[in-house]
Student: 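Below you will find the structure I want to go over with you.
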Amino acid sequence: MTLDWIEPANRLQALPPYVFARLDELKARAREQGLDLIDLGMGNPDGPTPQPVIDAAIAAMQNPANHGYPPFEGTASFRRSISNWYKRRYGVELDPDSEALPLLGSKEGLTHLAIAYINPGDLVLVPSPAYPAHFRGPVIAGGKVHSLILKPENGWLIDVTAIPDSVAEQAKILYFNYPSNPTGATAPREFFEEIVAFARRYEILLVHDLCYAELAFDGYQPTSLLEIEGAKDIGVEFHTLSKTYNMAGWRVGFVVGNRHIIQGLRTLKTNLDYGIFSAIQSAAETALQLPDVYLHEVQNRYRTRRDFLIDGLGKLGWDVDKTLATMYLWVKCPPGAGSTDFALTVLQQTGVVVTPGNAFGQGGEGYVRVSLIADCDRLGEALRRFEDAGIRYQS
Ligand SMILES: Cc1ncc(COP(=O)(O)O)c(C=O)c1O
């Protein structure tokens, strides 16, 4: 007897297919055929975790006090480190007990926040394109996603003035993310002021994802939502150690901001998980205290790759914007090509993996996202393969 016929819950069936999982299948097939893949598809940093962080984890693992269940709300010491880091970095005071909550990576928290706050039928505003958890979490929760289509002529920024009153009045949550995955767009401080005023006017819970807080170049400093006056009354901000510190596999991040909103998420999580291994929290504290010279190294690495790839793509006919932050280039498909077809053509003809822009919502159609997660030698090889296969941008 098997239960092959049993249907998953409606909330799973409501989800569009996860493009990254589909890409994984195609990559596995290509590898079986012996193709030497250059994988620029995921946002998975290619460098090692800094040695002091690994050393801190090993030392913490030797301590039996860390071997039991961790505290639900994270260790007091990690929460203090988060609030100290925030104060140092943004000049914002946070109460470590109520305004900071460690997470099993920010994706976990972004998704669970939706489950904690969205009832079936609630309206959620989400940009398109967006990081998939920003719309998939609300869909899992049974919410109605209202897509805010982003446009290149608007610098891929949300235009809150274009949101009809009737929509804004119904909306319960707005997710947003600058510097942006996938577009690489950055938002000026005035944009943050405008979106905070909008959320306050319509009493909308504002969720900012500052995943790329430190991956910024050419003197650009991303703004934190909580730097904006009045933001803490209505908003929370998600952070991760995955990208800046090459710790994607460790699964550690945190949320900061409004204590009431964080309490709701904490209550849900208390019922779902047991938090992060204390030794990893200890290592994360070390990461947050690394000297700036480490950050400069990481920033230089991605900036060098960005410049190299923009230059190489330029020789193949592309005019790619110089992004001031993130680890991505947002690249137009050749005229007439859709995102999925173009990404598949590139994979089949060159063994280079890029992500179709429509994986991030309909607003990403016509683009692919290229992750800067290989060194310049490999990026150069990818460009050579493009040239050999005649893949170029022709307008
Ligand atoms: C915008 C954004 N938010 C969140 C995440 C997830 O990060 P984490 O590893 O903390 O779950 C990613 C990962 O690519 C991302 O791009």
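Both counts, for ligands and for their atoms, begin at 1 and track the order of listing.
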Student: Please list, in number order, the atoms of ligand 1 under 4.0 Å from a heavy atom of Arg251.
Tutor: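 Listed by number with element: 8 (P), 9 (O), 11 (O).
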Student: So do Gln281 and Ser77 actually touch side chain to side chain, heavy atoms under 4.5 Å?
Tutor: no
Student: Would you say Glu108 has any N or O atom under 3.5 Å from an N or O of ligand 1, going by distance alone?
Tutor: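 Between Glu108 and ligand 1 (N or O atoms, distance only) the closest approach is not under 3.5 Å.
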Student: Does some side-chain heavy atom of Ile310 sit less than 4.5 Å from a side-chain heavy atom of Arg306?
Tutor: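 Yes, at least one pair of side-chain atoms sits under 4.5 Å.
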Student: Give the residue and atom name of whichever protein heavy atom lies nearest to atom 14 (O) of ligand 1, and the separation in Å to one decimal.
Tutor: Lys243 NZ, 2.6 Å
Student: Considering only heavy atoms of Ser242, which atoms of ligand 1 have at least one such atom less than 4.0 Å away?
Tutor: 8 (P), 9 (O), 10 (O)
Student: Given the side-chain rings of Phe176 and His134, with only the six-membered ring counted for Trp, is the space between their centroids under 6.0 Å?
Tutor: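 Phe176 vs His134: aromatic centres not under 6.0 Å.
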Student: Can you sort out the partners of His296 under side chain to side chain contact (heavy atoms under 4.5 Å, CB included), two or more places apart, ordered by chain and number?
Tutor: Asp292, Gln299
Student: For atom 6 (C) of ligand 1, grab the closest protein heavy atom and report residue, atom and distance to one decimal in Å.
Tutor: Tyr131 OH, 3.2 Å
Student: With a 4.5 Å heavy-atom cut-off, do Phe254 and Trp85 have their side chains touching?
Tutor: yes
Student: Would you check the N or O atoms of Asn181, main chain and side chain alike, for any that come under 3.5 Å of an N or O of ligand 1?
Tutor: yes
Student: On the 0 to 90° scale, with breaks at 30° and 60°, tag the Tyr393-Trp318 ring pair as parallel, tilted or perpendicular.
Tutor: tilted
Student: Does any part of the side chain of Glu387, heavy atoms only, come nearer than 4.5 Å to the side chain of Lys315, both counted from C-beta?
Tutor: no
Student: Number the atoms of ligand 1 from 1 as they appear, then name those within less than 4.0 Å of a heavy atom of Tyr212, with their elements.
Tutor: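 Listed by number with element, the hits are 1 (C), 14 (O), 15 (C), 16 (O).
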Student: Does the residue Gly105 have a heavy-atom contact with ligand 1, meaning some pair of atoms that are separated by less than 4.0 Å?
Tutor: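 Yes, that is the case, since the closest heavy atom of the residue is under 4.0 Å from the ligand.
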Student: Under 4.0 Å from a heavy atom of Asn177: which atoms of ligand 1 are those, numbered in the order shown and with their elements?
Tutor: 1 (C)
Student: Please list the nearest protein heavy atom to atom 1 (C) of ligand 1 with its residue and the distance rounded to 0.1 Å.
Tutor: Asp209 OD2, 3.2 Å
Student: At what distance is the nearest protein heavy atom to atom 7 (O) of ligand 1, and which residue and atom is it?
Tutor: Ser106 OG, 3.2 Å
Student: Taking ring pair (Phe, Tyr, Trp, His ring centres under 6.0 Å) as the test, write out the residues that go with Tyr245, two or more places apart.
Tutor: Tyr294
